[in-house]
Every structure is written in C-alpha cells, then in structure tokens.
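Here is the structure we will look at.
Chain letters run A, B, ... following the sequence lines, proteins first and then strands; every chain starts at 1.
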2 protein chains.
Amino acid sequence: MNTTIYDVAHEAGVSMATVSRVVNGNPNVKPATRKKVLDAIERLGYRPNAVARGLASKKTTTVGVIIPDISSIFFAELARGIEDIATMYKYNIILCNSDQNKDKEIHLINTLLEKQVDGILFMGGEITDEHAEQFKLSPVPVVLAATLDEKGEIPSVNIDYQQAAFDAVTALIEKGHQRVGMVSGSLEDPVNGYQKFSGYRKAHENAEIEFDETLVAIGDYSYHAGMDAAKSLNKQENPPTAVFAATDEMALGVIHGFQDEGIKVPEDVEVVGFDNTRLATMVRPTLTTVVQPMYDIGAVSMRLLTKFMNKEEVDDQIVVLPHRIEYRQSTK
Amino acid sequence: MNTTIYDVAHEAGVSMATVSRVVNGNPNVKPATRKKVLDAIERLGYRPNAVARGLASKKTTTVGVIIPDISSIFFAELARGIEDIATMYKYNIILCNSDQNKDKEIHLINTLLEKQVDGILFMGGEITDEHAEQFKLSPVPVVLAATLDEKGEIPSVNIDYQQAAFDAVTALIEKGHQRVGMVSGSLEDPVNGYQKFSGYRKAHENAEIEFDETLVAIGDYSYHAGMDAAKSLNKQENPPTAVFAATDEMALGVIHGFQDEGIKVPEDVEVVGFDNTRLATMVRPTLTTVVQPMYDIGAVSMRLLTKFMNKEEVDDQIVVLPHRIEYRQSTK
DNA sequence: GTGAAAGCGCTAACAT
DNA sequence: ATGTTAGCGCTTTCAC
C-alpha cells in the first residue's frame with residue numbers, strides 16, 4: 001500500500017492537518033515543524049494523492065479539452081497554446097478528439113464532467129441548441145476556442161473570420177482581379193464555411209462585382225480537395241485569375257493543382273490561404289495567407305477559462321483577436 | 001450541491017450498494033429494481049462522480065501521456081493513435097508537453113502519478129538512469145512510444161531506426177551514388193540522431209565507401225535547418241548527389257534549399273526523408289521517404305499499456321514495427 | 001438479490 | 001501554531 005498523509009503525520013509526530021498544511025504551502029506552520037514534516041515526507045517517499053484531494057476539496061486542477069482532431073496541424077498548434085497556459089496555471093489537460101461529431105461531443109462533455117474537471121475548453125464546428133443546453137447545465141465554466149456561438153452566450157475566443165475573408169478577397173479584387181475563385185468549407189461549417197464564404201461575397205458586393213457561383217468550390221479542408229478544386233476551376237471556359245482558399249492545406253492543394261495543369265502561381269493565378277500554419281512557408285511558392293494566431297487563440301482561451309475558474313472578474317467574454325494578411329510568393 | 005448516489009438510492013427506495021451495482025452494470029440486480037434505479041437517475045439527473053469512484057476503487061481510467069511537443073506534426077499523429085485506442089478501452093488521456101526537457105519530464109511523471117493515472121505513455125529523447133529509476137519506482141505500468149530504452153528494460157514500441165536508415169541509404173548507394181549526404185539530428189538524440197546516423201554509416205561500410213564527415217550536417221529537425229544544410233552541403237567543392245534527411249521536415253528544407261540554389265531535385269540531387277508525415281505528399285516534388293507508422297506506434301503502444309493495466313499476459317514487451325520506403329518524386 | 005457499514009486519502013471547519 | 005473530526009461520493013466486503 002502507498003504511504004498516506006496519515007503515515008507521514010505519524011512519522012513526523014504531528015497531525016494530519018499539519019502535514020496537509022505543509023504539503024499545501026500553508027504559512028501557518030512553524031519552520032521547525034515544517035522541517036520535521038518535510039523530512040518525514042522525504043524518508044517515506046510520500047506522494048500526495050490528487051484524487052483524494054480532489055474529492056475533499058472539490059477541485060481537480062484538471063480541465064477538459066475537446067478538440068476535433070489533434071493530428072490536424074491547425075488544432076495541434078492551438079492545443080499547444082492551451083497546454084502551455086494550463087501548465088502555467090498548474091492545470092493539467094484531459095485531451096479528447098471529437099472528430100466534430102455531435103454525439104461524441106455531447107458524450108465527451110459528460111465524461112469530462114464525471115471526471116470533475118474544473119472547466120472545459122471546447123473546439124468544434126456548429127454549436128447546436130443541444131450543445132448550448134449542455135454548456136448551460138455544466139457546473140463548471142466552458143470556453144470556446146476557434147469556435148463560434150452565434151447566440152453570443154458562451155464565452156469564446158476567435159478572430160473575425162468574415163472580416164478576414166473580406167479583407168483577403170478585397171485585396172485580390174483591388175489588385176484588379178475580376179474573377180476571384182474560392183475554395184470554401186461546407187457552408188454548414190460556421191467558421192470555415194459560412195463565415196469565410198460570407199466575407200467572400202461581401203467583398204464582391206462591396207466591389208460591385210456580380211457573384212458567380214461557378215467560381216466557388218466546396219472542399220473538405222484536405223490537400224486533395226484543394227487539388228480537385230483547382231482542376232475543376234481551371235476547366236471552366238473562364239477560369240479565375242485568383243483563388244482564396246478557406247484553409248492553408250486546401251490552398252497548397254490549389255497551388256499544386258494549378259501547377260500540375262501547367263498554370264503558374266502567382267503569374268497566371270494568385271492564391272491566398274487561411275490560417276498561416278507552418279505549411280505556408282514550407283512550399284514553393286510560399287503561401288500568402290490570412291494569419292490566424294492559433295497558438296494565441298489557444299492561450300487566450302485557456303487564460304479566460306482560468307479567470308472563470310478563479311471566479312475573477314471578466315470584462316469581455318467574447319474576445320476577438322486581430323488578424324492580418326501575410327504576403328508571400330503565391331501572390332504578386 | 002450535486003446529486004449523489006445517496007440521493008438516487010433514497011429516491012429509488014434502495015440502498016447505495018444497489019445503485020452502485022446498476023451504475024456499474026453488475027448483473028446481480030433484479031430487472032425491476034434496475035428500472036427503479038434507472039428512473040431515479042433519470043429524474044434526478046444523476047452523474048456519477050469519477051473522482052470519488054477513483055478514490056474508492058483505486059482506478060481512474062485515465063492514463064498520462066508525456067509528449068515532447070504536440071504541435072509537431074509527427075507527435076500529433078502519434079497522439080491521435082494513442083487517443084483512439086485509449087477511447088476504445090474507455091480510458092481518458094492527460095496530455096503533457098515536455099519539450100524533451102529532462103527536468104520537466106521527471107516532474108510530469110510525478111504529477112501524473114499524483115493524479116493516480118492507471119498508466120503512463122512516454123515519448124521523449126534519451127532515457128537516462130534517472131528516467132529508468134522513476135519508471136522502476138512507478139506503481140503503474142509505463143510504455144515508451146517512438147522512444148528507445150537502450151537497456152531494453154522498459155516496454156516500448158518503435159521501428160528499427162538504424163535498419164531503416166541503412167535501407168534508405170543503401171538504396172541510394174545502389175542507384176550509383178558515391179557521395180550521399182546526410183542531415184542528421186543531434187547525435188545525442190538516440191532515435192533521430194544516433195540510430196539513423198549509425199544506419200547511414202553502416203550502409204557506407206557495407207558498400208565499402210569511405211565515410212566522409214563533410215557530407216554530414218546536423219540539424220534541429222526544423223525546415224530551416226534542412227535549408228541551411230542543403231546550402232552548406234552545396235557549397236563544398238564536391239557536393240553530394242543524394243541526401244538522406246532524418247526527418248521529413250528537414251528533407252523539405254533540403255529540397256527547397258537546393259532549389260533555391262538552382263539545383264534540381266531529383267535530377268541533380270535525390271532526396272530521401274524519414275517519417276512519411278503528411279507533409280511528404282504536400283510538396284513538389286513529392287518526397288520519397290522512410291515510412292514510420294506514427295499512428296500505429298501510438299495505437300500499439302496504447303494497446304500494450306492497456307494489457308499491462310489489465311495485468312494481461314504480454315509475450316513481447318519490446319515491439320518493433322515494420323518500416324518501408326515510399327518512393328515518390330524526390331528520387332529518380 | 002439487496003443492504004449495512006467500513007473505508008479510500010485528503011481538506012476544511014472548528015477547537016484549542 | 002497545531003490537533004480533532006466530520007465529511008467528500010463512491011466501492012466493496014460481508015451479512016442476510
């Protein structure tokens with residue numbers, strides 16, 4: 001059997017309470033007593049049991065993180081931001097992949113709550129009423145990262161995706177492009193689909209260019225979806241001279257798709273991606289892209305969650321981080 | 001206050017023990033009783049407290065995962081394999097980044113043990129005596145993933161890195177290359193440095209080609225390290241006609257480094273990478289590389305850990321997965 | 001098939 | 001500054 005606080009108390013000739021005080025850094029312990037206890041701990045190789053502590057104190061210093069897919073370069077970067085800040089505030093993370101599957105998501109929320117996490121960081125696609133319901137019922141705070149709650153009821157950290165897409169497409173239009181294509185995510189996806197597509201449309205409205213739906217392809221965020229989109233876009237009688245892709249990975253696919261057809265990037269067609277993942281600098285031509293600060297979104301959302309967990313005052317629970325466009329070789 | 005098993009027992013008019021049986025799927029409950037309990041649970045919105053259960057049962061159904069950097073495309077893929085199998089066996093994962101820093105690693109092991117994880121999955125660089133000591137003292141099983149224990153005492157899942165490197169370099173030599181360069185990791189890194197470098201040397205010995213240290217560059221696994229290596233390799237009076245890089249990311253850097261100097265890949269120099277990360281197909285030319293089944297290493301190591309946690313019989317605790325070379329456009 | 005009761009290892013009043 | 005004690009919510013014998 002493992003050594004317990006009781007054993008230490010006995011060994012040091014003090015009470016359990018005193019040992020607990022020492023272990024938890026409570027200042028109300030005489031230095032001499034503290035030393036006795038520390039020595040006993042050392043001698044016995046005592047290691048506090050966080051589960052027992054969690055039961056008694058109703059705090060686990062553990063937060064649940066629900067993420068669509070940790071193997072995605074995008075989410076992996078976000079997760080790192082989350083974990084770094086969590087570590088800074090002495091929390092551990094229980095990491096769960098949801099594959100953006102609603103049933104899994106709901107199930108995971110409940111599992112995490114059973115495990116008595118002190119808070120939940122959620123990344124996903126659509127926040128349905130059922131999600132909202134679960135979050136409302138949650139006894140611990142929930143923060144969304146890179147995930148939109150249309151109703152604006154759940155604390156979240158994002159950039160303004162629509163504005164970012166608007167900016168990127170407008171920049172293309174201002175360079176003289178009349179036919180700007182888009183490779184979008186599913187329009188049911190609030191962030192990578194709907195928001196970015198809306199930005200694309202608004203940029204056209206704003207420039208008074210008529211919207212041409214043949215210029216829009218829908219992809220599943222994969223490299224291959226980008227390649228396919230480029231090829232089909234290029235087959236048209238009047239192909240686009242610039243393409244805005246909803247993710248970097250699709251943008252790479254678009255570039256290579258065009259290149260495979262003998263089309264030169266950026267000479268014949270300019271390409272702009274979204275996210276600024278590490279991929280963007282690891283291709284030729286390097287990718288012009290909308291910078292979404294993934295690490296920061298993770299870090300800021302975790303920081304926000306710690307504030308809620310500490311019951312600190314929070315002035316604004318819907319945080320919108322700035323974005324910008326990083327110009328590289330895939331545009332002229 | 002949250003509803004407890006006691007409340008449910010009261011509501012259903014049975015004892016706590018019976019509720020516990022129902023919740024845990026114990027068959028020794030009359031169907032009628034079970035229904036009463038289930039109804040009460042439903043009515044009260046009861047959610048079992050896993051922390052209390054963990055304290056009473058001494059099992060948390062949680063495993064600790066120590067990983068150098070989740071934002072690395074390589075480890076992220078591994079992590080996904082780990083998580084999928086963990087989920088399959090009803091475990092959750094506490095994910096910790098170590099940055100391959102020894103002190104952090106040791107500290108994390110202790111934190112995880114305090115949290116009473118049922119097992120630990122460790123990914124890192126060198127396994128020092130201190131690591132070995134910690135693992136030996138651990139009350140729960142430990143498995144290494146993509147990490148070598150030279151002493152062969154700790155269960156682990158890997159491929160044969162040296163053989164894989166040998167195969168890759170030998171293939172290059174057999175194509176007629178007399179001057180094969182290498183971009184290695186630090187030789188203090190057992191896997192990406194020492195093992196792969198040894199394979200490189202052995203391939204030369206085997207082919208009776210004298211080893212030329214000017215052909216070897218050391219990189220930090222980054223894209224830029226690969227670029228720099230290519231440039232310095234190319235500055236030599238007698239540059240290599242083929243290069244083997246210890247990781248895909250460095251291989252990409254090598255390719256682009258050469259391209260930037262006007263050297264053609266694969267015409268002027270052939271390049272082989274290592275890992276087969278998703279990057280390998282997202283560049284032009286696509287990358288010939290040694291396939292390391294990252295997802296599988298994660299999955300198999302987690303499966304192995306579950307066997308230890310269940311005290312199942314394990315025939316071989318040092319598992320070596322097969323590797324192969326995937327030929328793409330960066331070689332002729 | 002069900003219940004009673006003793007912990008699991010710790011924290012947090014409350015006393016002293 | 002330190003000790004006493006009552007839980008925290010559950011599992012697990014052991015009875016019946």
Side-chain angles (χ1 to χ4, degrees), chain A residues 1-38 40-41 44-62 90 110-111 113-118 139-140, chain B residues 1-38 40-41 44-62 90 110-111 113-118 139-140:
Chain A
M1 204 176 74
N2 247 299
T3 98
T4 73
I5 202 172
Y6 176 84
D7 303 324
V8 176
H10 186 79
E11 172 83 11
V14 299
S15 73
M16 285 165 54
T18 298
V19 177
S20 176
R21 288 188 186 98
V22 170
V23 169
N24 294 293
N26 184 318
N28 288 351
V29 182
K30 228 187 340 191
T33 315
R34 179 182 308 277
K35 180 159 180 5
K36 272 198 304 188
V37 172
L38 256 15
I41 286 176
L44 267 37
Y46 167 71
R47 172 184 294 136
N49 181 323
V51 170
R53 171 184 292 162
L55 184 58
S57 69
K58 299 181 167 307
K59 295 201 161 311
T60 55
T61 59
T62 302
K90 312 255 183 258
N110 280 290
T111 303
L113 259 16
E114 285 188 9
K115 295 229 166 165
Q116 312 298 120
V117 293
D118 294 338
V140 298
Chain B
M1 203 176 75
N2 247 298
T3 99
T4 73
I5 202 172
Y6 176 85
D7 303 324
V8 176
H10 186 80
E11 172 83 12
V14 300
S15 73
M16 286 164 53
T18 299
V19 177
S20 176
R21 289 188 186 97
V22 170
V23 170
N24 294 294
N26 184 317
N28 288 350
V29 182
K30 224 182 348 186
T33 314
R34 179 181 309 278
K35 176 154 179 11
K36 272 199 304 189
V37 172
L38 257 14
I41 286 176
L44 266 37
Y46 168 70
R47 172 185 294 137
N49 181 325
V51 170
R53 170 183 293 162
L55 183 58
S57 69
K58 298 179 168 308
K59 296 203 160 310
T60 55
T61 60
T62 302
K90 312 255 184 254
N110 280 290
T111 303
L113 258 17
E114 284 187 11
K115 295 228 166 165
Q116 311 299 119
V117 294
D118 294 338
V140 298

Could you run down the sub-3.5 Å N/O contacts of the protein with nucleotides 3-7 of chain D?
| residue | atom | partner | partner atom | Å |
| --- | --- | --- | --- | --- |
| dG3(D) | OP2 | Ser15(A) | N | 2.8 |
| dG3(D) | OP2 | Ser15(A) | OG | 3.1 |
| dG3(D) | OP2 | Thr18(A) | OG1 | 2.7 |
| dG3(D) | N7 | Arg21(A) | NH1 | 3.4 |
| dG3(D) | O6 | Arg21(A) | NH2 | 2.6 |

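Whole-Å rounding puts the Lys59(A) NZ to dC8(D) C1' distance at 14 Å. The separation between Asn26(B) atom CG and dG1(C) atom P is 9 Å, rounded to whole Å. Taking atom CZ of Arg47(B) as the reference point, atom P of dC10(D) lies 12 Å away to the nearest angstrom. Remark: C1' of dC10(D) and OH of Tyr46(B) are 7 Å apart, rounded to the nearest angstrom. Summarising the geometry, the separation between NZ on Lys36(A) and P on dA1(D) is reported as 14 Å, rounded to the nearest angstrom. If you take CG of Leu55(A) and C1' of dG9(D), they are 6 Å apart, rounded to a whole angstrom. Note: CD (Gln116(B)) to C1' (dT11(D)) measures 16 Å, nearest angstrom. The distance between atom NZ of Lys58(B) and atom P of dG9(D), rounded to the nearest whole Å, is 19 Å.
At the phosphate of dC10(D), neither OP1 nor OP2 sits under 4.0 Å from any side-chain N or O atom of Ser57(B). Residue Asn24(B) has a polar side-chain atom (N or O) positioned under 4.0 Å from OP1 or OP2 of dT11(D). Between Asn49(B) and dC10(D), a side-chain N or O to OP1/OP2 separation shorter than 4.0 Å is absent.
In plain terms, the two heavy atoms of Val29(B) and Thr33(B) that are nearest each other are CG1-CB, 3.8 Å. Between Ala9(B) and Ser15(B), the shortest heavy-atom contact is CB-C, 3.6 Å.
The line from OG1 of Thr3(A) to NE2 of His10(A) is 12.5 Å long, rounded to the nearest 0.5 Å. If you take CZ on Arg47(A) and CG on Asn110(B), they are separated by 5.0 Å, rounding to the nearest 0.5 Å.
With Gln116(B) as reference, Thr60(B) is the one residue of Thr60(B), Leu55(B), Val140(B) to meet the side-chain contact (heavy atoms from CB on, under 4.5 Å) rule. Here the rule is side-chain contact (heavy atoms from CB on, under 4.5 Å) with Arg53(A), and of Ile5(A), Val23(A), Thr61(A) only Val23(A) fits it.
Looking at Lys115(B) and Thr62(A), their side chains do bring a donor and an acceptor atom within 3.5 Å of each other.
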